[in-house]
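The structure presented is a predicted model; accordingly, all values stated were derived computationally and were not measured. Chain letters run A, B, ... following the sequence lines, proteins first, then strands; residues in each count from 1.
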Protein chains: 2
Amino acid sequence: MPETTRRADRPADRLSGTRYGNRPTMKDVAARAGVGLKTVSRVVNGEPGVTPDTERRVQEAIDALGFRRNDSARVLRKGRTASIGLVLEDLADPFYGPLSRAVEEVARAHGALLINGSSAEDPEREQELALALCARRVDGLVVIPAGDDHRYLEPEIRAGVATVFVDRPAGKIDADVVLSDNYGGARDGVAHLIAHGHRRIGFIGDMPRIHTAAERLRGYRAAMEDAGIPVEERWMSLGATDPVRVRRAAEEMLAGPSPVTAIFAGNNRVTVTVVRVLAEQSRPVALVGFDDIELADLLQPGVTVVAQDAAALGRTAAERLFRQLDGTLVQPERIELPTRLITRGSGELPPAG
Amino acid sequence: MPETTRRADRPADRLSGTRYGNRPTMKDVAARAGVGLKTVSRVVNGEPGVTPDTERRVQEAIDALGFRRNDSARVLRKGRTASIGLVLEDLADPFYGPLSRAVEEVARAHGALLINGSSAEDPEREQELALALCARRVDGLVVIPAGDDHRYLEPEIRAGVATVFVDRPAGKIDADVVLSDNYGGARDGVAHLIAHGHRRIGFIGDMPRIHTAAERLRGYRAAMEDAGIPVEERWMSLGATDPVRVRRAAEEMLAGPSPVTAIFAGNNRVTVTVVRVLAEQSRPVALVGFDDIELADLLQPGVTVVAQDAAALGRTAAERLFRQLDGTLVQPERIELPTRLITRGSGELPPAG
DNA sequence: TAGAGCCTGGACAACGTTGTCAGATGCGCG
DNA sequence: CGCGCATCTGACAACGTTGTCCAGGCTCTA
């Protein structure tokens, strides 16, 4: 049949509607066990009021047919899905692994499953994902925002979808947010470099439209200003953090007559690339990175970082989400978790050249 | 005894049944727009046969009420959820990040969402998770097995749940499997060490009940045997791969009168710990690790590894899953992806001592 | 031995959506 | 002006489960 679908380009529309491969239902089980439908339901759900003998008969029928309760139908009836959604930027990013896992653990403790998807830093994809999750009636949503306007979630929140934003604040709506102290962490990290004698300090960060990136840049500027150091434009690089771009940025600020003697790297990806670039330099350049990276202590020198606790971010957010669902929470709040400066050598190098 | 739907200790049972916070339904939209229920359905799904004027009225009502289609009800009707489940070991493990992401991308391309959970290497939890996903009627399941008996999935597979196992084979059932060539990779890695003059080579791996661990051990033994080197018991450590245990194992094989001159590390976690231990040794010890690790090239010396392509594993598995759903696939198959030896220095060190 | 009360089991409606089908409407044409 | 046809619309059942409520059978007591 030529179905002329007008806007059938939405995800869920693309799978066709073949039935489950003929799965047994409670009705089938009931027929086989010679009992009523509701009795099967009672057995499946461990409700009281079934004689051991009847229960045994039902159980046998269940085993024989390979019955498994259809939670979709159950959800329709009960109104709760016991699942929460997580919209993050990139599952493959080592920063989000622990965060994701922490959210999952909390969900598990509350008997909920986790559905997650990556926005790939694309606001439109974030929205598409979040709304798809809402259509599935997740009980709650943990969002690591890619966009800066979340008014599209207003009807959902009003309808009772618990919502918590992590890592970056929500845009244009009032909602729970759990953040790291990006500003303070960056400021301290840069101040650390200044304390070790640096004055020409480079900053390589992500696009400033990303909240964390903007905050870290603000921290950098604050530390410099506190020390009375005027920042030169060419010390700063703000843009995509792919290796090619970062490498060029680093090499540029390390070239010329008065190169930077230290670099502050705005996130884990930047840090990794900068470490590579610095390894190729003839003179030592100090480095402090935002986000911890694995094996940072084993490099020569060890990489000094401003570490944030990704797991704590996820855990805190998820716990807050379930407290929203409990009804114990009313007022949206902004929670800021502290960062920690871990000195390993690279940030304590004195200025060279 | 076949495990079945039983008692009320299952996750989904713990959330109580409060209704959605009074969400508008198609009926409400229909009432407000002054049209029939089915017409709303048509508009929502972009079906043909609605005049522009009617469509506009319906659309306005949708916007005004903040209506969002309830996919649970839709699923109940259509029989497909457009979602697939992924059961893995630990979301936070850097090896599974890219794998997970790859599965997600394929799912996305097919318009499906991804629900995932961590088994924490616990067979019971694996089963609980997989069955919970089936109860939600995921269309398919990608499983990284923790246990070695998957007969509990037989009714599900028979009922049409597409199933693919990744990284490790299924136990006691016939199903699609996508693996790395663990045996060949380990054998080549160890042979590489032997080629560089080593004879006393240690092996530190995971519990042999884990298929990958067993295969890699087999590869180690094969390489040693091919070279005519009798393996001493104390060169091998097979057990949990927590840092404490691995550290002790490494230190033990490096002590005594005839210590190993090289170590083959059975997975990424082991490699990381061994690198730490070796950094403390006075004499150089060669190292080849299974799985690539970030920044391996920047360590002194760079860490030689047998790399597997986690993303390719995930992608291949997910694609196979959707081909099962298409009906293009019939016979279960075992697909083995090659590994790649990446030399960076640590594996090319000559024997010392 | 009759009545009260408890326990078990089942009929039925409802959850929100989609597929089916038939009715209503409008249009062109004889 | 009426008929056929195409187009648009809506009533209704069904998806598989759970909550409500009542019937029937049993035990227990007076």
Side-chain angles (χ1 to χ4, degrees), chain A residues 1 3-6 8 12-13 15-20 22-31 33-58 62 65 67-82 135-137 159, chain B residues 5 8 12-13 15-20 22-31 33-58 62 65 67-82 135-137 159:
Chain A
M1 309 296 123
E3 262 190 9
T4 25
T5 34
R6 257 182 240 172
D13 293 80
L15 278 192
S16 69
T18 34
R19 285 236 79 62
Y20 315 112
N22 236 353
R23 290 195 82 117
T25 70
M26 285 193 177
K27 203 165 135 190
D28 302 323
V29 175
V35 301
L37 180 54
K38 184 62 219 230
T39 301
V40 176
S41 173
R42 274 195 270 264
V43 172
V44 169
N45 294 296
E47 284 167 27
V50 181
T51 44
D53 182 59
T54 309
E55 170 164 0
R56 193 186 41 72
R57 285 215 322 283
V58 171
I62 288 176
L65 295 173
F67 167 81
R68 180 110 31 224
R69 179 179 66 194
N70 184 335
D71 275 355
S72 290
R74 173 170 229 252
V75 159
L76 182 58
R77 208 39 249 255
K78 303 199 73 130
R80 282 272 167 121
T81 55
R136 272 163 216 244
R137 296 294 187 268
Chain B
T5 315
D13 293 86
L15 280 193
S16 68
T18 34
R19 284 237 78 65
Y20 316 112
N22 237 353
R23 291 196 82 118
T25 70
M26 286 192 176
K27 203 167 137 189
D28 301 324
V29 175
V35 302
L37 179 54
K38 181 64 218 225
T39 302
V40 176
S41 172
R42 274 193 269 265
V43 171
V44 169
N45 295 296
E47 285 167 28
V50 181
T51 43
D53 182 58
T54 310
E55 170 164 359
R56 192 184 43 70
R57 284 213 325 281
V58 171
I62 288 177
L65 294 174
F67 167 80
R68 180 109 32 223
R69 180 178 65 194
N70 184 334
D71 275 355
S72 290
R74 171 169 229 250
V75 159
L76 182 58
R77 209 36 252 251
K78 303 200 70 131
R80 282 273 167 121
T81 55
R136 273 165 213 242
R137 297 294 188 267

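Applying the 3.5 Å distance criterion, the base of D/dG10 shares a donor-acceptor pair with the side chain of B/Arg42. For C/dG16, the base has no donor-acceptor partner in the side chain of B/Lys27 [N/O atoms by modelled type, under 3.5 angstrom]. Under 3.5 Å, the side chain of B/Arg77 and the base of C/dT18 form at least one donor-acceptor pair of N or O atoms. Counting distance only, with no hydrogens placed and no angle test, the side-chain atoms of B/Arg74 and the base atoms of C/dG16 include no donor-acceptor pair under 3.5 Å.
Closest heavy-atom contact between B/Val29 and B/Val40: CG1-CG1, 3.8 Å. Between A/Val35 and A/Arg57, the shortest heavy-atom distance links the atoms CG1-NH2, 3.4 Å. In terms of heavy-atom proximity, A/Lys38 sits nearest to A/Glu47 at NZ-OE1, 3.9 Å. Smallest separation of non-hydrogen atoms from A/Arg74 and A/Asn45: NH2-OD1, 3.3 Å.
Of the candidates D/dT9, C/dG19, C/dG9, the closest approach to any side-chain atom of B/Val50 belongs to D/dT9.
In this structure, the helix from C/dT1-D/dA30 to C/dG30-D/dC1 shows an angle of 50° between the axis at its start and the axis at its end, each fitted on 5 base pairs and rounded to 10°.
Residue A/Thr51 has no polar side-chain atom (N or O) positioned under 4.0 Å from OP1 or OP2 of C/dT8. A sub-4.0 Å separation between OP1 or OP2 of C/dC15 and a side-chain N or O of B/Asn70 is absent.
Comparing A/Ala73 and A/Pro52, the nucleotide of DNA chain C nearest to each residue sits closer to the 5' end for A/Pro52. Of the two residues near DNA chain C, B/Phe67 and A/Thr54, the one whose nearest nucleotide lies more 5' is A/Thr54. Across the interface with DNA chain D, nearest-nucleotide mapping of B/Thr39 and A/Pro24 shows B/Thr39 to be the residue nearer the 5′ end.
Rounded to whole Å, atom P of C/dG19 lies 8 Å from atom CG of B/Asn45. Regarding A/Lys78, its NZ atom lies at a distance of 13 Å from the C1' atom of C/dC15, rounded to whole Å. Here the P atom of nucleotide C/dT17 and the CG atom of B/Leu76 are 12 Å apart, to the nearest Å. Going from atom NZ of B/Lys38 over to atom P of C/dG16 covers 18 Å, rounded to whole Å. Following rounding to the nearest Å, B/Glu47 (CD) and D/dT9 (P) show an atom-to-atom distance of 13 Å. Summarising the geometry, the separation between CE on A/Met26 and P on D/dC15 is reported as 15 Å, rounded to the nearest angstrom. The nearest whole Å value for the distance from the CZ atom in A/Arg56 to the P atom in C/dT8 is 16 Å. The interatomic distance linking A/Leu37 (CG) with D/dG19 (P) rounds to 13 Å, in whole Å.
Of the residues listed (A/Thr39, A/Asn70, A/Val44, A/Val43), the one engaging A/Met26 in a side chain to side chain contact (heavy atoms under 4.5 Å, CB included) is A/Val44, and it is the only one.
Distance check, rounded to the nearest 0.5 Å: CG of B/Asp28 to CD1 of B/Ile62 gives 12.0 Å. Atom CG of A/Asp71 is separated from atom OG1 of B/Thr81 by 11.5 Å, given to the nearest 0.5 angstrom. How far CZ of A/Arg68 is from OG1 of A/Thr25: 14.5 Å, rounded to the nearest 0.5 Å.
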